Amino acid sequence: MKKITLFGIEVDQAAALAPMAGVADTSYRQICHDMGAVMTVSEMISAKGLCYQSKGTDALCQLTEQERPAGLQLFGSEPEYIAKAVNLIQAYQPDWIDLNMGCPVTKVVNSGAGSALMKTPDLAAACVKAAVKESSVPVTVKMRIGWDAEHINAVSFAQQMEAAGASALTVHGRTKQQLYSGHADWDKIRQIREVVKIPVIGNGDVKTAQDCQRMYQETGVDLIAIGRGSCGNPWIFKEIRALLEGIIFTPPTPEERMEMMLKHIRMIIAHSDKPSTLAIREARKHASWYMTGLKNAAAFRSQCYHLNSYEEAEQMAETFLKLQ
Ligand SMILES: Cc1cc2nc3c(=O)[nH]c(=O)nc-3n(C[C@H](O)[C@H](O)[C@H](O)COP(=O)(O)O)c2cc1C
């Protein structure tokens, strides 16, 4: 497998896991890493929340060896808080620190953070500079291609982040206004790749191994990050490796899918500081995703959303498998 060095870290040039708040927690990241994701990134962490020791922030910053190389992602729009947060977050020993400039969630955007920073490139650059000054590890940026169709500033924004000291850019090829609809504009990603010297990680709409191969060919990116395409399908990372190496990939059997689902639920419960009856709620969506594409999946989805214990999940998996 071809190797690539990104901001001092050598990885196979296959696919990384994109950050997903509420989805890609430590259990998820460990599973994807195990399946061949070459890098993982934490859920976004509020810079201010970290400074004020908000509830739950410490848990979001915890990294295990099984998910490295791994970055911790901060969001915020005030350089002073970014600087303080970068200082604090280094205690968790991230391999790099990523700054979120792509989140479209109203609460985040209204505070001037996430994708709102694409409207204020000078402030975004100040955040990068503040982070770089305080950080002993590389600082990277995750961005979109602009605010809306009338304000697509991906290329100049990317150049400005590079000049401010970013060590790499992950580009989700959509505007803020698109949220997750429409198509990711891979050509914009290609244009960014052409003008910056730092590594560019392409992101958006890679749902199959073939999509991944095509994105490499069409954009020339250094690496590809996958978000939703891995939900219920962490095997996508294995499949990508197989395709790029010319090896035959055998898709998981329904039994393997259910085994992975149960393992994932066990991990979520084990990592949670909540009682298992509450922790299982975090696992419900994952359980339903593991059924995608299998027979009778639709009928079982609603059952997934009512799971109250691990034992119920085991029983459900057993019944489900009998119908395959
Ligand atoms: C549920 C969910 C949560 C997300 N959370 C984050 C986040 O915390 N930080 C971030 O930079 N991007 C986040 N994203 C965006 C993804 O990292 C990615 O850019 C986007 O989903 C497009 O890639 P995909 O088509 O492979 O999913 C999130 C996406 C989803 C669907």
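Just so you know, ligand 1 is whichever comes first in the structure, and atom 1 is the first atom listed for that ligand. For the numbers below, each heavy atom of this structure counts, side chains included, while hydrogens, waters and symmetry mates do not. Nothing fancy with the numbering, it's 1 onward along the sequence. Remember, predicted model here, so these are calculated numbers, not experimental data.
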Does the ring pair (Phe, Tyr, Trp, His ring centres under 6.0 Å) test come out yes or no for His33 and Phe237, once each step is laid out? CA-CA 8 Å; His33 183 267; Phe237 295 105; 10.0 Å; no
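Between Phe300 and Phe320, the ring-plane angle classifies as perpendicular under the 30° and 60° cut-offs. The aromatic rings of Trp235 and Tyr290 stand perpendicular to each other, their planes meeting at an angle above 60°, with 30° marking the opposite boundary.
Sorted by chain and number, the heavy-atom contacts of ligand 1 below 4.0 Å come from Ala18, Pro19, Met20, Ala21, Val23, Met44, Gln73, Asn100, Lys142, His172, Tyr180, Asn203, Gly204, Asp205, Ile226, Gly227, Arg228.
Cluster membership for Leu223 and Ile189, using ILVMFWY side-chain heavy atoms within less than 4.5 angstrom, is shared. Criterion: ILVMFWY side-chain heavy atoms under 4.5 Å apart, direct or through other members. Under it, Phe75 and Tyr92 are not part of a common hydrophobic cluster.
Salt bridge Asp148/Lys176: absent, no basic N to carboxylate O contact under 4.0 Å.
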